[in-house]
Q: 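Here it is, the structure, as structure tokens.
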Number of protein chains: 4
Amino acid sequence: MPKVSDEHRAAQILDAAMRLAATEGFHRMTMAEVVAVSGLSAGAVYGYFRSKQELVRAIAQRAVGRIATTIDALADAEPPVPPAEGLEAVLDRLLGLSDELGYDVPALAIQGWSEATRDPEVREILGTELLRVRRAWRDFAERVRDRGLLSPEADVDAVGNALMAMLPGFIVFRTVFGDVTPRSHASGVAELMRQPPSR
Amino acid sequence: MPKVSDEHRAAQILDAAMRLAATEGFHRMTMAEVVAVSGLSAGAVYGYFRSKQELVRAIAQRAVGRIATTIDALADAEPPVPPAEGLEAVLDRLLGLSDELGYDVPALAIQGWSEATRDPEVREILGTELLRVRRAWRDFAERVRDRGLLSPEADVDAVGNALMAMLPGFIVFRTVFGDVTPRSHASGVAELMRQPPSR
Amino acid sequence: MPKVSDEHRAAQILDAAMRLAATEGFHRMTMAEVVAVSGLSAGAVYGYFRSKQELVRAIAQRAVGRIATTIDALADAEPPVPPAEGLEAVLDRLLGLSDELGYDVPALAIQGWSEATRDPEVREILGTELLRVRRAWRDFAERVRDRGLLSPEADVDAVGNALMAMLPGFIVFRTVFGDVTPRSHASGVAELMRQPPSR
Amino acid sequence: MPKVSDEHRAAQILDAAMRLAATEGFHRMTMAEVVAVSGLSAGAVYGYFRSKQELVRAIAQRAVGRIATTIDALADAEPPVPPAEGLEAVLDRLLGLSDELGYDVPALAIQGWSEATRDPEVREILGTELLRVRRAWRDFAERVRDRGLLSPEADVDAVGNALMAMLPGFIVFRTVFGDVTPRSHASGVAELMRQPPSR
DNA sequence: CATGAATGAGTATTCATTCAT
DNA sequence: GATGAATGAATACTCATTCAT
């Protein structure tokens with residue numbers, strides 16, 4: 001009889017693995033390390049994840065899941081909030097999430113994209129998860145438009161997409177340039193939207 | 001006197017390696033493959049690149065260099081062109097580049113970001129190269145503003161940044177969703193900028 | 001619970017390695033050979049010795065340890081025995097040891113000296129082990145002196161050293177000249193000590 | 001027409017190689033290093049030495065040749081000199097030689113012994129060279145005996161051997177213990193020869 | 001003839017996975 | 001079931017030697 005439930009064990013392994021993957025990347029993370037950090041035996045780990053590949057997929061899924069969670073910030077962002085503010089709230093959450101969880105979530109996102117390049121299954125997982133995110137951004141754009149902060153004819157799919165697309169940019173810029181903040185990044189959207197002088 | 005110039009040999013190796021890295025990623029690309037595809041011997045490859053690490057750095061540098069080249073599209077985009085059109089031109093070029101070169105440049109970009117996460121030298125290389133790109137976007141934003149397509153008070157740094165930030169988004173979306181095109185991606189920016197009804 | 005104890009496995013590997021090192025020398029001994037001769041897998045060997053370097057150090061330690069063992073012959077050499085006889089007994093044991101173990105212990109000694117030249121850790125190992133040997137020779141010299149076979153004023157440290165120093169000479173001569181025996185080698189000491197005619 | 005004679009070139013190469021072999025040992029010395037240090041081209045080096053093996057043999061020969069030279073000290077040691085003083089003179093010369101030549105001759109000796117273990121040709125070279133040394137020690141012992149410093153019945157071959165045998169001991173002790181000097185080492189012989197109290 | 005770029009077999013080491021206990 | 005020792009294919013890199021120029 002296991003002391004703890006199966007889900008707990010699986011989570012324990014996943015946690016260890018995500019921590020490792022965030023700092024070392026998928027391919028430098030060894031199963032031996034996962035075994036050591038999780039505190040279980042090799043056999044036990046392989047009882048929960050049939051292969052490293054499967055574990056990597058689980059990490060990718062959970063990592064984007066975590067990020068998907070950040071867009072709840074958009075819903076909270078009610079009363080009418082301009083797009084830039086919604087984006088900033090999401091980026092803030094993303095950083096907050098890393099602090100809470102104790103590992104670098106954006107780093108894991110990059111790992112996931114990289115893996116999606118060659119593992120179709122990871123690509124599918126990411127596609128499925130990110131579809132939810134896409135819809136959330138669409139809904140946000142719709143609400144924003146409906147409240148008069150966008151042109152009534154604006155294509156809310158396109159706008160949602162554009163706002164969501166700022167996220168990978170934020171993650172990449174954070175990695176290569178040190179100087180980006182949620183505020184600075186989101187301000188670009190606000191500046192873009194400033195009214196040109198009516199002619 | 002060597003049969004072919006050193007630069008040619010290095011380029012030959014780099015070409016093989018970029019092709020491989022684009023399809024398999026940095027860590028699945030083996031030196032044996034590079035040797036085989038380049039058509040040289042192991043010793044010869046190591047004569048030009050002291051280690052796999054060094055080769056990976058060279059790939060990263062050249063890949064972002066290639067991408068930096070695409071922003072020339074911005075300069076070409078004269079007479080007054082709205083931001084969305086400039087972006088679209090750049091994205092078009094990016095895809096064109098992949099066709100020309102015969103390997104997936106965006107895939108290499110993702111590999112580069114991933115590597116920048118743990119190799120500070122790659123991070124620096126990317127930082128340096130992307131700084132040029134950043135300046136180009138800033139200049140573009142400035143020209144756009146000066147031609148009255150942005151508010152005269154718009155912060156051109158922020159706008160440039162935002163436009164540039166759409167690029168990683170495009171790359172990631174292309175990988176995980178199949179349905180993004182330069183036009184669809186850029187249109188989000190245009191939609192975002194539509195004038196809300198003057199109240 | 002492992003089939004055989006860890007020490008047994010380590011000894012199994014060490015044995016194979018010593019056999020190989022004795023015939024081929026440290027640097028021509030390949031890990032592949034060690035793996036093959038020990039009958040284990042590469043992984044197993046690396047489980048017990050982290051690197052070839054570490055294995056080489058273990059060999060050096062054990063080889064000099066074996067040689068150190070031969071000086072027990074000195075203690076056995078009681079009742080009052082002249083220095084030359086003590087030396088001969090030790091040299092005899094050294095050859096006997098090689099026969100018993102099935103590999104050339106003197107050859108390993110030379111390998112150890114060679115390695116000590118560039119690996120400080122091996123130098124230290126040899127220094128530590130040989131200090132014991134040095135003390136044993138000193139004690140032997142003391143006993144010999146106390147039994148009147150040396151001048152009462154003889155410096156037992158110096159005498160012990162000189163006798164011990166005959167050992168590398170024996171090993172080297174055996175390698176390059178074929179004609180040295182424990183008896184012939186030790187006789188030099190006896191001849192040296194013969195009384196010159198009292199004048 | 002070569003600027004310098006063939007012998008000079010060969011010596012130039014040998015010099016570079018001996019310097020390298022003394023510091024790194026035969027197997028860590030690479031032909032590329034020999035090429036670099038000698039200042040010649042790879043082809044040129046291979047013009048003078050057909051293989052690394054042959055170069056190693058030449059080094060071994062020259063190194064023991066150098067050491068053989070030290071025993072000239074024995075001839076110089078005329079007027080009747082006791083064995084210990086003759087030995088001390090030789091050891092002094094050995095150290096002086098290293099200083100003069102700028103590389104560690106004893107280190108090369110150890111390399112040579114090590115190589116003799118597996119290369120029969122090196123073994124033969126060493127055997128031939130050391131035979132000269134052996135004879136010199138025999139002659140020294142004879143002279144010493146004839147001058148009354150040894151028993152008239154002393155076996156000069158055995159005595160010569162014993163004195164010569166102190167040399168490897170000196171070299172090994174110098175390597176593993178730091179504290180040996182020509183004087184301390186030679187004194188052991190003197191102490192051994194002190195007259196036990198006439199009974 | 002001299003050069004030094006190219007060769008490629010050989011080496012130490014790692015690590016995902018299994019399976020005897 | 002649970003364990004963790006053992007497996008062994010795979011991998012990056014070296015270096016003595018050659019030979020086209």
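Reminder, nothing fancy here: chain letters follow the sequence lines and each chain counts from 1.
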Q: Measure CZ/D/F49 against C1'/F/dA16 and give the value in whole Å, please.
A: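 Whole-Å distance recorded here is 16 Å.
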Q: What is the nucleic acid contact for D/G43, judged by heavy atoms within less than 4.0 Å: base, sugar-phosphate only, or nothing?
A: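 Base, at least one base atom sits under 4.0 Å.
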Q: Tell me the partner of E/dT21, counting only Watson-Crick (N1-N3 plus N6-O4 or O6-N4) or G-U wobble (N1-O2 and O6-N3) with both under 3.5 Å; none if nothing fits.
A: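 When the pairing criteria are applied, F/dA2 turns out to be the nucleotide that pairs with E/dT21.
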Q: On the nucleotide E/dA2, are OP1 or OP2 found under 4.0 Å from the side-chain N or O atoms that D/Y46 carries?
A: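 False: D/Y46 side-chain N/O out of range (4.0 Å or more) of E/dA2 OP1/OP2.
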Q: Applying salt bridge (charged side-chain N to carboxylate O under 4.0 Å, His left out), run through B/R123 and B/E129 and close with a yes or a no.
A: CA-CA 10 Å; B/R123 184 150 60 240; B/E129 295 284 334; over 6 Å; no
Q: Across all strands, who's sitting opposite E/dT7 as a Watson-Crick or G-U wobble pair, both distances under 3.5 Å?
A: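 Answer to the pairing question: F/dA16, which forms a Watson-Crick or G-U pair with E/dT7.
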Q: Nearest 0.5 Å, please: how far is NZ in D/K52 from CZ in D/F26?
A: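 Reported to 0.5 Å precision, the distance equals 9.5 Å.
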Q: Rounded to the nearest Å, what distance is computed from the CD atom of residue C/E54 to the P atom of nucleotide E/dA12?
A: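 So the two atoms are 15 Å apart, to the nearest Å.
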Q: What integer distance in Å separates C/R28:CZ from E/dA9:C1'?
A: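 These atoms are roughly 16 Å apart.
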Q: Just the rounded figure in Å: distance from C1' of F/dT14 to NZ of C/K52.
A: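 Checked: the NZ to C1' distance equals 13 Å.
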Q: CG of C/L20 versus C1' of E/dA12: gap in Å, rounded?
A: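 Interatomic distance, CG of C/L20 to C1' of E/dA12: 15 Å.
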Q: Can you tell me which nucleotide in F/dC15, E/dA6, E/dG4 comes closest to the side chain of D/T30?
A: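 The closest nucleotide is F/dC15.
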Q: How many whole angstroms separate atom CE of A/M31 from atom C1' of F/dA6?
A: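 Distance, rounded to whole Å: 17 Å.
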Q: Would you say a side-chain N or O of C/R50 is under 4.0 Å from OP1 or OP2 of E/dT14?
A: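 Answer no for this pair, as no side-chain N or O of C/R50 is under 4.0 Å from OP1 or OP2.
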Q: Taking for each residue the nucleotide of DNA chain E bearing the nearest heavy atom, is the 5' side occupied by C/Q53 or by B/L40?
A: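 The residue whose closest nucleotide sits nearer the 5' end is B/L40.
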Q: Return the 5'-most residue of the pair C/H27, A/S51 with respect to DNA chain E, ranking by each residue's nearest nucleotide.
A: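 Between the two, 5'-proximity favours C/H27.
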Q: Expressed in angstrom and rounded to an integer, what is the separation of B/L55 atom CG from F/dC13 atom C1'?
A: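 My rounded result for the distance is 13 Å.
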Q: What is the distance, to the nearest angstrom, from the OH atom on C/Y48 to the P atom on E/dT13?
A: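 Distance, rounded to whole Å: 18 Å.
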Q: Is it the case that over 12 heavy atoms from other parts of the model lie below 6.0 angstrom from the CD atom of C/Q53?
A: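 Counting other residues, nucleotides and ligands, CD of C/Q53 exceeds 12 neighbours.
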Q: In terms of relative ring orientation, are B/W113 and A/W113 parallel, tilted or perpendicular, with 30° and 60° separating the classes?
A: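 Perpendicular.
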Q: Of the nucleotides E/dG8, F/dG8, F/dT17, which has the atom closest to the B/A42 side chain?
A: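 The answer is E/dG8.
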Q: Using a cut-off of less than 4.0 Å, is there contact between a side-chain N or O of B/R9 and OP1 or OP2 of E/dA6?
A: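 For E/dA6, OP1/OP2 do have a side-chain N/O of B/R9 under 4.0 Å.
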Q: With the threshold set at 4.0 Å, does a side-chain nitrogen-carboxylate oxygen contact exist between A/R62 and A/D15?
A: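 Salt bridge flag = yes for A/D15 with A/R62.
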Q: A/S41 or C/A44: which one's nearest nucleotide on DNA chain F is closer to the 5' end?
A: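 The residue whose closest nucleotide sits nearer the 5' end is A/S41.
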